2 protein chains.
Amino acid sequence: MSRRNELTRQAARLFAQKGYHGTSIGDLAEAMGVQKGSLYAHISSKQDLLYVTMAEGARAFHAGLDAIPEELPATAKIRLALRSHLAVVADQLDVATVFVQEWRYLEGERRDEIIAERRRYEERIRAFFREGRDLGELRTDLDETTAALLVLSAVNWAYTWLQPGRDTDELADRFYSLLVEGMRGYATPA
Amino acid sequence: MSRRNELTRQAARLFAQKGYHGTSIGDLAEAMGVQKGSLYAHISSKQDLLYVTMAEGARAFHAGLDAIPEELPATAKIRLALRSHLAVVADQLDVATVFVQEWRYLEGERRDEIIAERRRYEERIRAFFREGRDLGELRTDLDETTAALLVLSAVNWAYTWLQPGRDTDELADRFYSLLVEGMRGYATPA
DNA sequence: TTGCTCGACCCTAACGATCGTTAGGGTACC
DNA sequence: GGTACCCTAACGATCGTTAGGGTCGAGCAA
């Protein structure tokens, strides 16, 4: 792996652990075993490192959704989306952590760009619920905005508790079951 | 209101907006209309301001649960807990935001203290689900840890989208309905 | 009423440390 | 002879914090 990639990986790790403003160029240099001035052979600013990490996060999350076949029922898509998102968080925990909590320290148009990517991702999720309701798989009075908010909250929070190496598919399915079937169960309908 | 309280309010606001490390003592002084050295008549360090905000957050969230009557059914308690949490977030948005995202910048035993308060809060929520399952209000195969995780994720994420002035009770009830009754609805049981 | 003290509040000026970044030069391998 | 990589040394700026001194009004004693 190139030295530059190694640097971006360390950056993701440290930004996730101590935050963007809590991580100094000196910290990064130390992690690379190098003097801090030397880093500028690979990057042009600290902001660059943040942006690269964010862009990688956006790419990974979108790629997860891209792999979901269009022709599946909406509920199946939702289940796969949950699996995909948790999988990304689990095996790129640093990137996912930075993506979720450090985006506000981006500056300029790069900030706008990442915000737009996030919105687009959320909209793709929302579409699944809209489709599920309109095609009769989900309850007809479902508010797709609230439903998507609930799912996105669950997965966006995952970086705080998910430990890498766990079986994230099983966890995703547990979430799916709770969300779709409810916590009450069918034995005692209202 | 005392000058000291005014300072802690501004601190919560700025920490929420720009992060702890992203906010300088100079920023705080400017917000107070004062030279930065003057702040040290009211506090003994920047860490103090963070801790005070965190402690207020912990207090507010716990106080919300304290107001829930013990004798209610578990599902009613869960609904009230959702309401209470969203209410705290909505009318102390800055404090709640700092409480959720900036706790990791606390140092020393104060950090441990706040982490313990958070754990205790989560355990109180978990107990509601355990009670609801054991007393037959919720499905018998309910995993209380997953259920609590789902609810806590939803409300912990709320600071990112909740706008003050909204009717948070109605929002909380929508969440409650989705979580307990499910998104599929009773018309099409498995 | 006057004079005095006390506490709350703020100032200026500086401290040493650390910040992100740059310049210029060096080594080693293809 | 490039290309990739790293060094030392310094830059101006900003960081959190401290020291020492000043102003003002409230409360109290004479």
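On a predicted model such as this, the values are computed, not experimentally measured, just so you know. Residue numbering restarts at 1 for every chain, and letters A, B, ... go by the order of the sequence lines.
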Quick test: give all pairs of protein nitrogen or oxygen and nucleotides 20-23 of chain D nitrogen or oxygen below 3.5 Å, distance rounded to 0.1 Å.
none

B/D66 with B/R59: basic N within carboxylate O range, under 4.0 Å: no
Quick one: A/N5 CG to D/dC5 C1', roughly how many Å, whole number? 15 Å
Can you confirm whether A/M183 sits close enough to B/F129 that some side-chain heavy atom of one is under 4.5 Å from a side-chain heavy atom of the other? yes
What are the two closest heavy atoms between B/R111 and B/L106, and how far apart are they? CD-O, 3.3 Å
Give a yes or no on whether B/E123 atom CD has more than 12 heavy-atom contacts from other residues, nucleotides or ligands under 6.0 Å away. yes
Here the distance between atom C1' of C/dC9 and atom CD1 of B/I43, to the nearest Å, is 14 Å
Is any side-chain nitrogen or oxygen of A/R3 closer than 4.0 Å to OP1 or OP2 of D/dC6? yes
Rounded to the nearest angstrom, tell me the gap between atom CD in B/E6 and atom C1' in C/dC9. 12 Å
May I ask you to evaluate whether B/Y40 reaches the phosphate of D/dT18, defined as a side-chain N or O under 4.0 Å from OP1 or OP2? no
Taking DNA chain D as the partner, which of residues 44-56 of chain A come within under 4.0 angstrom of it by heavy atom? none
Could you tell me whether A/R13 and A/D94 have a side-chain N and a carboxylate O separated by less than 4.0 Å? no
Is the ring pair B/H21/B/Y105 parallel, tilted or perpendicular, if the boundaries are 30 and 60 degrees? perpendicular
Taking only Lys NZ, Arg NE, NH1 and NH2, and the carboxylate oxygens of Asp or Glu, determine whether B/R120 and B/E117 approach each other closer than 4.0 Å. yes
Relative to the ring of A/Y121, is the ring of A/H85 parallel (under 30°), tilted (30 to 60°) or perpendicular (over 60°)? tilted
Can you check whether B/H42 has a side-chain N or O nearer than 4.0 Å to OP1 or OP2 of C/dC10? yes
Could you tell me how far apart A/R4 (CZ) and D/dC6 (P) are, to the nearest whole angstrom? 14 Å
Considering all heavy atoms of both residues, which atom of A/L72 and which atom of A/E131 are nearest to each other, and what is their separation? O-OE2, 4.1 Å
What verdict does the side chain to side chain contact (heavy atoms under 4.5 Å, CB included) test give for B/I43 and B/V52, after you've listed the backbone C-alpha separation in whole Å, the side-chain angles of each residue and the deciding distance to 0.1 Å? CA-CA 10 Å; B/I43 57 166; B/V52 167; over 6 Å; no
CD (B/E30) with more than 12 external heavy atoms under 6.0 Å: no
Close approaches to DNA chain C from residues 7-27 of chain B, in residue order (heavy atom, under 4.0 Å): none
Just do the side chain to side chain contact (heavy atoms under 4.5 Å, CB included) check on A/E113 and A/Y51 with the steps written out, would you? CA-CA 10 Å; A/E113 176 194 331; A/Y51 173 72; 2.8 Å; yes
Evaluate side chain to side chain contact (heavy atoms under 4.5 Å, CB included) for B/S38 paired with B/R3, printing each intermediate quantity in order. CA-CA 11 Å; B/S38 307; B/R3 208 74 171 102; over 6 Å; no
Output the rounded distance in Å from CD (A/E30) to P (C/dC19). 11 Å
I'd like a list of close polar pairs between nucleotides 11-13 of chain C and the protein, N/O only, cut-off under 3.5 Å.
unit_1: C/dC11; atom_1: OP2; unit_2: B/Q35; atom_2: N; d: 2.6
unit_1: C/dC11; atom_1: OP2; unit_2: B/S38; atom_2: OG; d: 2.9

Is A/E137 paired with B/R184 through a side-chain N to carboxylate O contact shorter than 4.0 Å? no
Can you pull out every salt bridge (Lys or Arg N to Asp or Glu O under 4.0 Å) where at least one residue sits in residues 35-54 of chain A? Sequence neighbours excluded, please. A/D48-A/R110
Output row for DNA chain C, stems defined as at least 3 consecutive Watson-Crick or G-U pairs under 3.5 Å, is C:1-14 with D:17-30, C:16-19 with D:12-15, C:21-30 with D:1-10
Ignoring hydrogens, what is the shortest heavy-atom contact between B/S45 and B/Y40? Give both atom names and the distance. CA-CE2, 4.1 Å
